[in-house]
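Worksheet: one structure, shown below.
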Amino acid sequence: MNSNKKLLYGLIFLTVNLCASEDKSKIGPVKVILNDWTSQLVQSYITGKLLSQFGYTVKYIKLPTAAQWYKISRGLVHVQMEVWQGTMEKQYLHLLQHNKIIDAGNHEASTREDWWYPDYVEKLCPGLPDWKALKKCSHIFAKSADSLRGIYLGGPWEKPDAARIRALGLNFDIIRAKHGDELGDKLKQAYEERRPILLFNWTPNWVEIKYKGKFIEFPEHHPECESDPLWGVNMYFTYDCGNPKNGWLKKIAWKGLKAYPCALNMIKNISFNNTEIATFSYWVDIDGMRYEAAADKWLTENKQIWKTWIDRSCFDE
Ligand code: TMO
């Protein structure tokens, strides 16, 4: 064993022992939420695998985001590694203001989730990425040549797209993918035929590694856009704006996790940047790796990073 390895195993051994003084019987296994998009799944496994190394029993619980809020506030699930500002800020703020969850800090990554198109669409719709261009060329996104009504392909996550279409007077219908993977499949088909497509996308994501494209520039997001009809270009309706542009990406935890400082501190310390998230999503969605295998690969290749997440206070007592 080289000395680095010795140190590492020493640290893990020490950690396991000191964390053993936490009363794990109180919560039993640490329950890590698995949602339905790739980066969340990979980093949930990364987190779970590190927790296992600490000596925790880890249970993975599959949940759509809509079902997780109540459960994490009641301790039925414990760890959520990716709360996206663009899609989940409201629920997060509600729970935080009612003191129902722990804010376990932000990832380094800056995020955006919004309507997106591949670059070749720009020639067919002059004025993009400005949203007003969509007023003149909804027909290029239509299902049939005789229709003027464009199709927007949304994800299976709650978004106020219908409210935005109404507030901005857009001639679009929404079709929702049943699973996140469907967005990638539809994008690939359209891209190969250079067919116009307008769909939900986000960053960081593997898409930015494989395809060139842009987000629609809707009127800049503002909290009042969602609550005050008078705000923005339409004085009668809310949601006449886009999603946040430099959004945060957060981790949250059940309050009971305070009884497990080693686990909670590590979760607080975990931070991924845009490149890391886009890259391990690419390993799965393009290279075809399984979520857990991608987590193993990341852990094997990045010991220097995850070692820094293991809080010294876990060893020093
Ligand atoms: C929450 N998501 C990254 C799928 O938009």
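In listed order, ligands and their atoms are each counted from 1. Keep in mind the model is a prediction, meaning the values are calculated, not measured.
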Donor-acceptor pairs under 3.5 Å, side chain of residues 295-302 to any protein atom, not counting sequence neighbours: which ones?
{"from": "Asp296", "atom 1": "OD1", "to": "Lys49", "atom 2": "NZ", "distance (Å)": "3.0"}
{"from": "Lys297", "atom 1": "NZ", "to": "Glu301", "atom 2": "OE2", "distance (Å)": "3.0"}
{"from": "Thr300", "atom 1": "OG1", "to": "Asp296", "atom 2": "O", "distance (Å)": "2.7"}
{"from": "Asn302", "atom 1": "ND2", "to": "Trp298", "atom 2": "O", "distance (Å)": "2.9"}

Requested in this report: Kindly confirm or rule out a cation-pi arrangement of Arg164 over Phe218, judged by NZ or CZ under 6.0 Å from the six-membered ring centre and within 45° of its axis?
Outcome: yes
Query raised in the report: Looking only at side chains, do Gln85 and Tyr92 share a donor and an acceptor under 3.5 Å apart?
Result: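 Result is no, nothing qualifies.
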Requested in this report: Return yes if a side-chain donor-acceptor contact under 3.5 Å exists between Trp248 and Asn106, otherwise no.
Outcome: no
Report task. Quick one, list the residues around ligand 1 where some non-hydrogen atom comes in under 4.0 Å, by chain and residue number. Result ->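 Lining ligand 1: Trp37, Trp84, Thr87, Met88, Glu113, Trp157, Phe200, Trp202.
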**Report entry** Qualifying side chain to side chain donor-acceptor pair (under 3.5 Å) pairs, either residue in residues 268-277, two or more places apart
**Finding:**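 Every pair satisfying side chain to side chain donor-acceptor pair (under 3.5 Å) with a residue in residues 268-277: there are none.
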Requested in this report: Show which residues join Trp231 in its hydrophobic cluster (side-chain heavy-atom contacts under 4.5 Å, direct or indirect), or state none.
Outcome: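 The other cluster members (ILVMFWY side chains, heavy atoms under 4.5 Å, direct or chained): none.
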